[in-house]
Amino acid sequence: MWRITYKIMALFITLLFFLSGCGINKTQESGINNKIAKINKNVEYSYSLNSIPKFGLQAIYFINGKDGWAGGQGIILSTNDGGKNWSVEHTGSFNILAFDFVNSIYGWAISDKSILRTTNGGKTWTELPKLSANITNIKFVTVDKGYGLSGDKLYVTNDGGQTWESITTKIKIDSYDFVDQYHGFASYNNSIYYTKDGGISWNFLFNPYLQGEWNVEISAIDLNDIWVIYRGKSSSMNKQPYLILKTNDGGKTWSTLAEESYFGDLYGSHKSSNFLGSYLSTINIVDKDTAFAIGLNPANESDKMIISRTTDGGNTWSSYQIPQFDLESLIEGPIPISFVDTYNGWIAYTKNGNGIILNTLDGGQTWQQQYPVRKDNNQKNSEFINPVIIDALKDIAGNAIIKIYAPSVVPLPEDKKNLYITAAPKMGKFNDNYNVDLIITDKPLDVNSSKIESNKNDANNILGDFGGLLFSSDIDAENYISAIEQNNGFIVDDESQKLNYKDFIWGHVYYKKGKYSVQWKEGRWIVEVNSEEKPQLDLAKQMVKYLQNYNLPVPLYKGLIVVNISKNKTTTNIYWAKESSVYYINYNFKPIDALQMAVSMKEN
């Protein structure tokens, strides 16, 4: 095995610093080093970035679970189906470094030569007028108003990027982020400042009192939730100092989320046991609770590249290897990532001058290649990223007369991430129905293992199940759905309190027979969230938000989602008719995870 010398790693860190943008919830946006080192077995050499073949990718951005863009050397790619299909949108003699979209229609792409803009969802891109200042790190807060940096000066545009004006400030600005037209946060000399007037005046907020020199990245989710990354400007012993801090009260108090502990003397009073790699690369902040980080461990050949995920605001992290990556992939260019929620994310990278896009449906635990499309013989099965599902379907698919549908993602609850899922498949007597029980185990078990039954005795081990029923006609299938609807008490009408969740989706709140019920429609789907103590409005809004970004299976007439919440248990039951069959998912933990399973349903 080859080694990475201190010289190479120092150059690698320099590259990462140049690749890092100011807003850590976005793809990196600042300029790229003109020379980058490439490692290929014991060979070390440098080459000009402009000599890399086209289609190297250095930026990726998803505005939701469907609409996304990737860019790099001479190309912008787009998808409107979550990356299942990518098409070339724009080509030219540029190098795309980052994207920024305010919605799925209006967006900007930063290249090494200019800024490009689209006003039609990327169908066409227009190069904006050249500027005397090299504007980078753009952040648009409306379709017209945006901010950018040139050196340590802040600029503003009020016409979508056509013209820019500098803002005179008393402080130099190293990095910044805005939450709206007026409120923003910036860093200078390790201190954090805030503005209430669009960047004209800045007030001191916080200084962590660190030793040494640092690069700072800041990301403001809202006025209260702010993440700050401190990266040391030097490295030692194949490690780089870094510190992640966060406030959720607008800067009054700060907590330490992660650090490279080898450099503990530099951090002062800030301490954390969370480790995200010896070198911290890309950070992607999704919301106040969810974030992802790519880390590098050059001293450990078996664990070179990891992605870490937090779903509790950075208090705890889970880490997973990315087997498609090696150090050569990283050194060859930036590794931008884009997640839209806890599960769904994309990585774009360059290997041997070629752009590659990976997608995860389970929060980084497993990855599959989306672009270029793989040509292997088992492409259909490779869509099922959960091995236990593949094994379960092999056991029943050959004999079934019903079409077999199954989720490609089966999430584990957060407190059981270190455990395993096994499956117990069953085929009906006449091969016209099937069921797959999903059981949590402390070690991997074969689908036909006799030990599965013992795990079923503990209700906490029952993750749920899925399956299908074949009927003689689509009318019979629809009648089955109607019977479930009546038994579960769906009463969507106009007689109850209405709640507008989003985009004119009207929910209804009922109180009947000792329980609260929140109900609403999503296209052909009817959703009901039942609880004993109070209406689960926050959960309902989370479900609405999720279903705005992802498509459930299309039912023949209607589909049903029933969530029942009690003090001791939460269950989610999902039913829908497709042709003359009814399919179902039952899940015993987080309802959003059940929706994720339904969205990922695929025909085997």
Side-chain angles (χ1 to χ4, degrees), residues 400 402-407 410 426-430 432-438 459 462-493 495-496 505 507-532 535-536 539-540 543-544 546-547 551-566 569-601 603:
I402 181 178
K403 287 185 178 180
I404 304 294
Y405 284 84
V410 179
K426 298 177 183 178
M427 175 61 69
K429 181 178 180 180
F430 299 104
D432 58 357
N433 66 84
Y434 68 96
N435 176 267
V436 177
D437 290 327
L438 301 167
I462 306 301
L463 189 63
D465 66 325
F466 67 88
L469 307 166
L470 178 63
F471 292 85
S472 58
S473 67
D474 56 0
I475 296 177
D476 289 342
E478 181 61 22
N479 288 337
Y480 185 88
I481 295 291
S482 297
I484 296 174
E485 181 182 3
Q486 294 175 9
N487 291 335
N488 281 276
F490 282 94
I491 45 177
V492 176
D493 56 31
E495 299 177 358
S496 62
I505 294 179
H508 306 256
V509 179
Y510 304 91
Y511 183 77
K512 187 176 182 181
K513 296 182 179 180
K515 70 176 181 181
Y516 293 92
S517 182
V518 183
Q519 301 181 13
W520 72 94
K521 291 183 178 180
E522 291 270 352
R524 296 181 183 178
W525 286 83
I526 301 175
V527 189
E528 177 181 273
V529 180
N530 301 313
S531 55
E532 298 174 352
Q536 295 293 320
L539 173 59
M543 295 175 69
V544 168
Y546 184 87
L547 294 175
N551 293 327
L552 289 165
V554 180
L556 180 63
Y557 297 109
K558 70 178 63 172
L560 308 177
I561 300 174
V562 184
V563 180
N564 290 303
I565 301 174
S566 65
K569 191 174 184 180
T570 297
T571 61
T572 304
N573 310 113
I574 304 176
Y575 313 88
W576 70 99
K578 189 176 182 67
E579 297 173 342
S580 58
S581 298
V582 171
Y583 296 94
Y584 58 87
I585 292 174
N586 302 308
Y587 191 80
N588 294 330
F589 296 92
K590 192 175 178 181
I592 299 296
D593 289 350
L595 297 183
Q596 170 77 354
M597 288 178 61
V599 166
S600 71
M601 292 292 288
E603 181 181 356

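In this chain, residues are counted from 1 in sequence order.
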Would you give the length of the straight line joining atom [atom1] of [X] to atom [atom2] of [Y], rounded to the nearest 0.5 angstrom?
{"X": "Lys569", "Y": "Ile462", "atom1": "NZ", "atom2": "CD1", "value": "8.5 Å"}
{"X": "Lys590", "Y": "Gln596", "atom1": "NZ", "atom2": "CD", "value": "10.5 Å"}
{"X": "Ile592", "Y": "Leu595", "atom1": "CD1", "atom2": "CG", "value": "5.0 Å"}
{"X": "Asn435", "Y": "Met427", "atom1": "CG", "atom2": "CE", "value": "10.5 Å"}
{"X": "Ile475", "Y": "Ser580", "atom1": "CD1", "atom2": "OG", "value": "11.5 Å"}
{"X": "Tyr516", "Y": "Ser531", "atom1": "OH", "atom2": "OG", "value": "8.0 Å"}

Nearest heavy-atom pair of [X] and [Y]: which atoms, and what distance?
{"X": "Tyr584", "Y": "Gly468", "result": "CE2-N, 3.6 Å"}
{"X": "Val582", "Y": "Ala477", "result": "CG2-O, 3.5 Å"}
{"X": "Leu438", "Y": "Val410", "result": "CD1-CG1, 3.8 Å"}
{"X": "Val518", "Y": "Gln536", "result": "CG2-N, 3.9 Å"}
{"X": "Asp476", "Y": "Ser472", "result": "OD2-OG, 2.6 Å"}
{"X": "Ala577", "Y": "Glu478", "result": "CB-OE1, 4.2 Å"}

Any side-chain heavy-atom pair of [X] and [Y] under 4.5 Å:
{"X": "Ile561", "Y": "Leu552", "result": "yes"}
{"X": "Lys578", "Y": "Lys403", "result": "no"}
{"X": "Tyr434", "Y": "Tyr583", "result": "yes"}
{"X": "Met601", "Y": "Ile585", "result": "yes"}
{"X": "Leu539", "Y": "Met543", "result": "yes"}
{"X": "Tyr557", "Y": "Ile481", "result": "no"}
{"X": "Val563", "Y": "Thr570", "result": "yes"}
{"X": "Asn564", "Y": "Asn573", "result": "yes"}

Next on the checklist: Working note: Phe466 + Ile574, criterion side chain to side chain contact (heavy atoms under 4.5 Å, CB included); need CA distance, chi angles, decisive distance, verdict.
Outcome noted: CA-CA 9 Å; Phe466 67 88; Ile574 304 176; over 6 Å; no
Next on the checklist: Tell me whether Arg524 contacts the main-chain N or O of Gly559 through its side chain, where contact means a donor paired with an acceptor under 3.5 Å.
Outcome noted: no
Checklist entry - Do Trp525 side-chain atoms and Pro555 backbone N/O form a donor-acceptor pair below 3.5 Å? => result no
Item to check | Contacts of Tyr546 that satisfy ring pair (Phe, Tyr, Trp, His ring centres under 6.0 Å) - sequence neighbours left out | outcome: Tyr550
Item to check | Ring geometry between Phe471 and Tyr480 (parallel below 30°, tilted from 30 to 60°, perpendicular above 60°) | outcome: tilted
Next on the checklist: Ring-plane angle category for Tyr587 and Phe589, please: parallel below 30°, perpendicular beyond 60°, tilted otherwise.
Outcome noted: perpendicular
Checklist entry - Could you go step by step and tell me if Asn586 and Thr571 meet the side chain to side chain contact (heavy atoms under 4.5 Å, CB included) rule? => result CA-CA 7 Å; Asn586 302 308; Thr571 61; over 6 Å; no
Checklist entry - Can you check side chain to side chain contact (heavy atoms under 4.5 Å, CB included) on Asn530 and Val562, steps first, answer last? => result CA-CA 8 Å; Asn530 301 313; Val562 184; 4.0 Å; yes
Checklist entry - Does the side chain to side chain contact (heavy atoms under 4.5 Å, CB included) test come out yes or no for Ile526 and Leu560, once each step is laid out? => result CA-CA 5 Å; Ile526 301 175; Leu560 308 177; 4.3 Å; yes
